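So the structure is just underneath, and the comments pick up after that.
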Amino acid sequence: MEQEQGEYFILRLFIAGSSPVSVRAIKNLREICEEFLKDRYELEIIDAHQQPLLVRDENVTAIPMLLKKQPEPCRRIIGDFSDREKVLRGLGIRMK
Amino acid sequence: MAKNTSKPKSEPMTGISKTRTGISGLDEITLGGLPSNRPTLICGEAGSGKTLFSIEFIVRGALDYNEPGVFMAFEEKAEELKVNVASLGFDLDQLEKDKKIRIDYVHIDRSEIEETGEYDLEGLFIRLGYAIDSIGAKRVVLDTIENLFSGLNNDGILRSEIRRLFQFLKSKGVTAIITGERGEKSLTRQGLEEYVSDCVILLDHRIINQISTRRLRIVKYRGSVHGTNEYPFLIDNEGISVLPVTSLELNKEVSSKCVSSGIPALDKMLGHKGFYKGSSILASGTAGTGKTSIAASFANVTCLRKEKCLFFAFEESPKQIIRNMRSIGMDLQAHLDSGYLSFYASRPTLYGLEMHLVAIHKAIRKFKPDVVILDPITNLITIGSVSEVKTMLVRLIDFLQAEQITVMFTALTLNNIVNEQTDEGVSSLVDAWLLIRDIENNGERNRGLYIMKSRGMKHSNQVREFVITDGGLDLEDVFLTEDGVLTGSARAARLLLEQTGEVIHAQAISRKDRELIRKKKVLESKIDSLRSEFESVEEELNKVYVEEALKKQIMGDTLSKMTDLRRGNTGFSSKKIVKKNKK
């Protein structure tokens, strides 16, 4: 496994309250981040119910949705992040 | 959320409460509008007018019924949408500022999304819920929700979420329109109709003979009666207008008031009254028989009565008609200026029959005329079959009768079978039918007019000669002779002949009179001469008598003288002499 240098990840996760899917998504995502992006990521978790305007502005439809604001290009990953391979591909992290 | 307090109109008969769309004509077809608090599916091919239909629903709701609305666009960006409907005079920006509408553009780009397991569309629900609550929306449009299927892969999730969405909309108490693209075998590509079971409207855009017609059909409307036909609709600079094809009932008001035809002699043929108000009149004839002149004359007299007349010209331009009618003493321009007359000119091939009908409807609703003229209806056959034209006219007459508008059609008859059929077909619909026929005789063509029928009215059965003069139109009695009907110069010649005959006759009589007088004179003179002859004879005769008397006297004198002479001889001798004389 190889660490990519200098790339800092800004992530924004939209969840809906404490639904089972949301809880599972947070858990899965934290695991992935800790494993691959340790100390170089910033994860903001937003409850869509609390911030409907942000939901609109960020054009969120499906939930849970992870927005990768940095690095470019901006990507969206939806689901409970149980498919690890796809999550990494979405984040642009190469697995060895 | 706000309750549905201000329901503009509900149908007590059906039990279902309805929300008026404000789209002209649609509320008539649905008998009150779309089902309140329920979703309605509008499906159709690309370009069939789904988006426009739904945006008009939102805008009319906001403007006319004080029902704010949310427009959730999955296809067009809000800016694009605003520009697109600005041409219809809808200012979405202002409406958004006034908190009357909300536009939310939902965009899903498949290329930037990675699906990594289970998810739902809660984000969409939150956005929609927020938009509804923020303005107290009563109306919602989702245009086109099927786009979700192209953005996301998991059909199973999407289907269950869409089902949940409809439940959500119902729980919010909003009247919703969902649009869907027409599928190959089903109404929509993704079979949305199975989720929306209350009301489904299908839009169609068909091209027949290179002329396109938009049509609308209510596929289903649960819990309500509705028109089941295909209704044509028109998109123009004022939005959508749907035409309620035929009224469901036949309970029109009828009037026994009469309106003049503009030709006094024709009124006379119609029992001195003219046509019934609200009736339909057909004037048919071959080319150049003066059908347009009759129509214009009717228009002219209507405007002179200070009533409004709408003239649909399918053949000539208004300017042309005005110029032509000026030559026979009608000043239509004056009526045009005073606002009693309005022209609506269009080429029949401009659009399909149905669209014409919609356009005619619209123009009539706008102008509110007392009299409508269509000149000529036969031109419409170029864009439709005979039966189509007939159905169109049935609908038009239906509509006009309901509005108590008198209508005059002109129709061209050609000497071929197809058009005679049209004549027949249309003629059964109209209340009065004037037929103008060419009478070719004596090396010239003249026009003969007669009334084929006039329902509920005593009318003349005579053929009249129809003459167009500088001073207007008139009807002349024709001559009926053993050779047939005489018109034109033959009539004039006949008239001349009769006049000459009279003069000659008169002369003959005076000659005879004179002869009689002469004879009398001759006789009188003869009598005179006879009388004088008689007098002379009488005189002669008298002369003899006088002579005789004289003789007698003289003789008596002589005798007495002689007696005196014989005095001496007593009386004897004198007696003898007397005796002698006696012998």
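Protein chains get the first letters and strands the later ones, always in sequence-line order, with residue 1 at the start of each. Quantities reported herein were computed from a predicted structural model and do not represent experimental measurements. Computed over heavy atoms, backbone and side chain alike; hydrogens, waters and symmetry mates excluded.
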(request) Would you name the heavy atoms of A/Asp80 and B/Thr116 that are closest together and state the gap between them? (result) OD1-O, 3.4 Å

(request) Grab the two heavy atoms, one from B/Gly117 and one from A/Ser82, that are nearest each other, plus how far apart they are. (result) CA-OG, 3.9 Å

To the nearest 0.5 Å, tell me how far [X] [atom1] sits from [Y] [atom2].
X: B/Glu115; Y: A/Ile77; atom1: CD; atom2: CD1; result: 12.0 Å
X: A/Arg56; Y: B/Arg102; atom1: CZ; atom2: CZ; result: 6.0 Å
X: A/His49; Y: B/Phe125; atom1: NE2; atom2: CZ; result: 10.5 Å

(message) Given heavy-atom pairs under 4.5 angstrom as the criterion, report whether the side chain, backbone, both or neither of A/Phe14 touches chain B.
(response) neither

(message) Can you tell me which portion of A/Val21 sits under 4.5 Å from chain B's heavy atoms? Options are side chain, backbone, both or neither.
(response) side chain

(message) Using the side-chain hydrogen bond (donor to acceptor under 3.5 Å, both in side chains) definition, which of the options A/Asn59, A/Asp57, A/Thr61 pairs with B/Arg127?
(response) A/Asn59

[X] versus chain A, the contacting section by heavy-atom distance below 4.5 Å:
X: B/Tyr105; answer: backbone
X: B/Ser111; answer: backbone
X: B/Leu152; answer: side chain

(request) Salt-bridge test for A/Arg89 and B/Glu114: reply yes if a basic N is under 4.0 Å from a carboxylate O, no otherwise. (result) yes

(request) Please determine if A/Arg76 and B/Glu112 form a salt bridge, counting it only when a charged side-chain N lies under 4.0 Å from a carboxylate O. (result) yes

(message) Only pairs of heavy atoms separated by less than 4.5 Å count here; which of A/Ala48, A/Ala62, A/Pro64 has the most with chain B?
(response) A/Ala62

(message) Quick check on the interface: out of A/Pro52, A/Ala16, A/Ser22, A/Ser19, who has the most heavy-atom pairs with chain B under 4.5 Å?
(response) A/Pro52

(message) For a 4.5 angstrom cut-off between non-hydrogen side-chain atoms, does A/Ile63 reach B/Leu121?
(response) no

(message) For the NZ atom on B/Lys170, are there more than 12 heavy atoms of other groups (residues, nucleotides or ligands in this structure) within a distance under 6.0 Å?
(response) yes

(message) Under a 4.5 Å cutoff for heavy-atom pairs, which residue among B/Leu124, B/Ile108, B/Ile126 has the most contacts with chain A?
(response) B/Ile126

(request) Find the one option among B/Asp104, B/Asp109, B/Asn154 whose heavy-atom pairs under 4.5 Å with chain A are most numerous. (result) B/Asp104

